Amino acid sequence: MSGYRIVHYMNQFFGGIGGEESAGIKPESRSGAVGPGMAFSKALQGKAEIVGTVICGDGYFAENMDEAVEEVLRLIGEFKPDAVITGPAFNAGRYGTACGSVADAVGKKLKLPVVSGMYQENPGVDLYRKSVIIIPTSDNARGIKDAVPAMTNILLKLLSGEALGDPRTEGYLERGIRVNTFHPRSGAERAVDMLVLKMRGEKFETEYPMPVFDRVAPADPIKDLKGAKIALLTDGGIVPTGNPDRIEASSATKYATYSFEGVRSATSDLYQTAHGGYDPTYANQNPNRVLPLDVLRDMEDEGVFAKLHETWYTTVGNGTPVANGKKFGSEIGAQLKKDGVDAVILTST
Amino acid sequence: MIQKTASHVICVTNNPDWGPGRDGFEYVDGGPWGVFKRARDLVHGGWRFLAHPLYGNFNPMRHPYRTLLLESPSGGDRSVDMESFSMLEAALESCRAGMAKNYGGESGEAARRDFAKLDCELMRDALNRYCLWAPVIS
Amino acid sequence: MRLELHRARVKGIRWGSATALAGDGVLQVNRDELLALIREDGRFAGVDADLASPGDRVRIVPVKDVVEPRCKIEGDGEVFPGMIGDVETVGQGKTFVLDGAAVVTCGKIVGFQEGIIDMSGVGAEYTPYSVTFNLVLIFRPVDGIEIYEYEQACRLAGLKAALYLARSAHESGAAADRVETFELPSVPELLSAYPKLPRVAYLYQLQTQGLLHDTYVYGLDAKRLIATIIHPNETMDGAIVSGNCVSSCDKNSTFTHQNNPVISALYARHGVDLNFVGVIISNENVTLIDKRRSSAYAVKLARILGIEGLVISEEGFGNPDADLIMNCHRAEIAGIRTVLITDEYAGRDGASQSLADATKEADAVVSCGNANMIVELPKMDRVIGYTDYVDVIAGGFSGSLRADGSIEVELQAITGATCELGFTRMGAKTL
């Protein structure tokens with residue numbers, strides 16, 4: 001028993017409770033280190049100690065984010081820690097989002113040093129990198145042996161009050177925030193230095209990496225709406241009751257397609273929302289609010305457009321990695337073209 | 001207004017200093033955000049900017065007025081001008097980054113009058129070039 | 001063209017019976033004589049003058065321009081050609097400089113164009129004018145005057161005062177502590193002198209958008225210019241003058257035009273690892289057609305000169321970002337390598353997009369800092385000017401000016417803090 005008191009947050013799997021079938025468990029705490037916490041304990045030996053572990057199911061967290069964060073924070077607080085570790089989550093999307101969310105709250109509300117670890121492409125990174133120190137890890141749990149020393153190293157620096165240097169030297173993911181600094185030389189001198197190197201074909205480093213804009217040219221507007229076939233899509237997570245295709249509440253790995261045939265309105269007996277990123281009350285009361293089938297049927301009757309495409313597509317746009325978004329979009333778009341659809345209404349939240 | 005070319009030019013503004021009922025002027029209520037939204041609708045319909053939608057040196061949210069100069073699509077071609085579209089997105093992004101200023105109180109009112117004047121000054125040259133008459137600043 | 005800058009070091013400033021540089025390096029100023037000169041312009045209802053030295057617990061606000069006292073001692077023309085005197089070409093011969101002194105003009109023109117100069121404390125670290133001995137002129141306009149008349153009066157007053165100080169000091173026998181020589185011959189001579197060194201030019205963007213956003217070249221409103229060539233020495237004699245003070249952090253004051261650091265940095269490397277062929281000035285107008293015309297023209301001039309590398313500096317932010325990116329893109333497509341100097345508006349948290357435009361060819365950028373960074377300026381003992389409008393200055397916000405006199409404001413409000421000529425050592429990095 002020595003040094004700093006650390007609490008470790010993890011999910012149901014690493015907590016040894018179970019796999020996906022246990023993803024719905026509510027936050028609970030354990031004394032001391034659990035699972036991967038043991039490796040951290042060893043690395044922290046002499047300087048810090050894992051006094052407690054807080055575990056929460058990834059599914060529960062994704063579907064009840066506000067309550068989950070509040071409860072997790074409360075449980076963490078009970079241990080009176082000096083710092084917190086969350087994850088590492090590797091490439092597990094819901095886990096990464098939960099780790100980022102907990103770390104963000106710990107930093108802002110408990111005002112404690114906190115580190116997290118996850119794979120570069122984990123959706124939790126883009127969501128929380130600005131406010132959380134995230135150490136990059138491999139994409140699977142075998143990377144634990146490198147993740148632990150890397151995370152421990154930074155955690156100890158934060159605890160000692162040492163200012164963290166820049167991300168590349170220190171080994172954490174770039175947070176994407178611009179911070180002012182004084183250079184030894186004036187901007188003009190730095191510019192001429194840079195130009196000389198650039199003209200020689202030598203290596204130089206820009207002080208401001210240009211953002212890359214992935215621009216998609218919009219399609220031409222419809223000239224003849226009355227003759228058009230319109231399709232309805234949503235990433236607001238509306239699904240048939242029971243979510244038969246099990247679209248995840250966050251970090252969705254899939255989209256699904258269903259038929260509108262014979263349906264005039266997205267009523268609550270037929271549909272529900274699976275989206276974990278907003279209060280589901282109003283969407284569940286009347287799913288037309290997110291998937292406006294009723295209005296479109298009326299417009300179809302009135303002849304505003306020719307036909308509502310019978311097939312509709314849905315996914316949950318909550319922490320979806322950009323790569324998945326692109327993939328879904330291209331596949332759905334190709335199919336819609338084949339089906340002779342002229343235009344799409346895509347609802348979101 | 002006499003039509004000189006296949007397309008026509010309008011000025012979208014929320015600045016009352018231009019004076020009411022001017023030919024070629026479209027008046028929008030609300031702050032700069034409202035003016036940008038109207039411009040966005042036009043740009044999506046194929047209109048293009050003749051003057052850059054951002055000021056030099058003011059974040060749009062720090063300035064109560066905005067005057068924009070746009071040209072209609074000519075002929076039947078209503079495809080989106082990508083340059084105008086990019087500029088508009090940059091302007092909207094800039095709105096999001098800036099914090100809205102509150103022009104309360106007497107000094108706020110004096111500043112508001114100054115901003116209205118300056119908006120006219122900064123756009124006067126451009127409007128004259130496209131034959132949308134600008135008032136004499138008094 | 002060959003120009004010698006005769007720099008006399010100023011080590012203090014005080015009021016005195018005659019305007020001269022005393023033996024101890026202190027600039028003495030005859031206040032009455034100076035004010036009489038400025039008051040000749042009937043557009044002022046009141047002119048006042050004050051002094052501020054480095055380390056004083058003094059705040060100067062609202063700052064319009066800063067000018068370095070200089071005068072010609074040999075060679076054609078006079079400093080600030082086309083503004084006070086004739087338009088004869090300058091940049092040759094000898095020019096006297098009161099090195100370490102500055103004229104700061106101050107006074108409400110519109111309620112939001114203030115800049116702040118703190119002579120001590122945190123704020124002093126961010127402005128280059130906390131280390132100069134400043135003579136501050138504070139103006140009050142005549143009732144009912146046209147705003148652009150008043151702006152012109154303020155602009156000219158600063159230049160007159162700067163010329164007066166230098167001329168009087170020189171005529172009273174002030175001697176230079178050091179002489180810097182700047183010589184750049186004609187282009188054919190340059191090419192035969194250094195045939196193997198890469199040909200480099202400086203593309204100098206000038207803000208030209210209207211009242212309080214203008215720049216003057218030999219007295220000509222630069223929005224009327226098409227991109228053109230200027231000899232670097234001409235800038236040292238005040239051929240380029242600022243009429244631009246918004247926003248204060250990244251406007252090029254006349255002082256920085258006179259002391260352009262890109263020009264000095266290129267001169268320093270000339271003949272060593274680059275051939276400094278020349279300077280191209282271009283403007284930053286409001287209409288897109290003007291932007292395109294200026295950009296096409298400027299890059300064409302670079303190609304005519306056979307330029308291989310271009311340093312491009314911006315003035316301001318927002319739509320001028322489009323000029324910077326356009327110039328970069330055109331030059332790179334033409335095979336000219338570029339380096340850009342700009343500042344950033346990345347938001348208070350540093351997480352927003354820093355520039356309003358981008359192009360993948362802009363792979364070499366020097367940043368002069370994020371202008372949205374919040375700074376806490378402590379209460380000062382004395383304010384020269386007015387603080388009434390601090391809440392509405394670009395960079396200020398409701399509640400900026402606190403009851404105790406301290407100010408919470410963005411870097412944007414501090415004069416010269418992120419000057420995009422690369423004047424200071426300020427920069428930014430991504431964490």
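Just so it is clear, the model here is predicted, and its values are computed rather than measured. Every chain is numbered from 1, with letters handed out A, B, ... down the list of sequences.
For a residue to count as touching a neighbouring chain, one of its non-hydrogen atoms must lie under 4.5 Å from one of that chain's; by this rule B/Tyr55 touches chain C with the backbone only. Neither the backbone nor the side chain of C/Asp323 comes within less than 4.5 Å of any heavy atom of chain B. Only the side chain of C/Lys291 has a heavy atom closer than 4.5 Å to any heavy atom of chain B. For C/Asn244, the part lying near chain B is the side chain, with the backbone staying farther off; criterion is any non-hydrogen pair under 4.5 Å. Only the backbone of B/Leu50 comes within contact range of chain C, judged by heavy atoms closer than 4.5 Å. Proximity to chain C (any heavy atom under 4.5 Å) is restricted, for B/Glu83, to the side chain, taken from C-beta onward.
Between the side chain of C/Asn319 and the backbone N or O of B/Leu54, at least one donor-acceptor pair lies under 3.5 Å.
Note: C/Thr287 OG1 to B/Leu69 CG = 8.5 Å, rounded to the nearest 0.5 Å. Interatomic distance, C/Leu355 CG to B/Ser94 OG, rounded to the nearest 0.5 Å: 11.0 Å. Note that the CG atom of C/Leu211 and the SG atom of B/Cys120 stand 11.5 Å from one another [nearest 0.5 Å].
When the candidates C/Gly144, C/Gly318, C/Ala358 are compared by the number of heavy-atom contacts under 4.5 Å with chain B, C/Gly318 comes out ahead. Between chain C and the residues B/Ser86, B/Ala90, B/Gly56, the largest count of heavy-atom pairs under 4.5 Å involves B/Gly56.
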Q.
Is there a side chain to side chain contact (heavy atoms under 4.5 Å, CB included) between C/Ile289 and B/Arg129? Walk through the geometry before answering.
A. CA-CA 11 Å; C/Ile289 198 170; B/Arg129 297 266 297 280; 3.6 Å; yes
Q) Given the rule in the side chain to side chain contact (heavy atoms under 4.5 Å, CB included) test, do B/His52 and C/Glu284 qualify, once you have shown the distances and angles that lead to the verdict? A) CA-CA 11 Å; B/His52 200 289; C/Glu284 295 173 351; over 6 Å; no
Q: Please test C/Leu212 against B/Glu121 for side chain to side chain contact (heavy atoms under 4.5 Å, CB included), starting from the C-alpha separation and ending with a verdict.
A: CA-CA 9 Å; C/Leu212 299 178; B/Glu121 282 298 317; over 6 Å; no
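Counting non-hydrogen atoms of neighbouring residues, nucleotides and ligands closer than 6.0 angstrom, the OH atom of C/Tyr297 reaches no more than 12 such neighbours.
Using modelled atom types, one finds a donor on one side chain and an acceptor on the other under 3.5 Å when comparing C/Gln207 with B/Asn57.
Side-chain atoms of B/Met87 and C/Leu288, non-hydrogen and from C-beta on, do get closer than 4.5 Å to each other.
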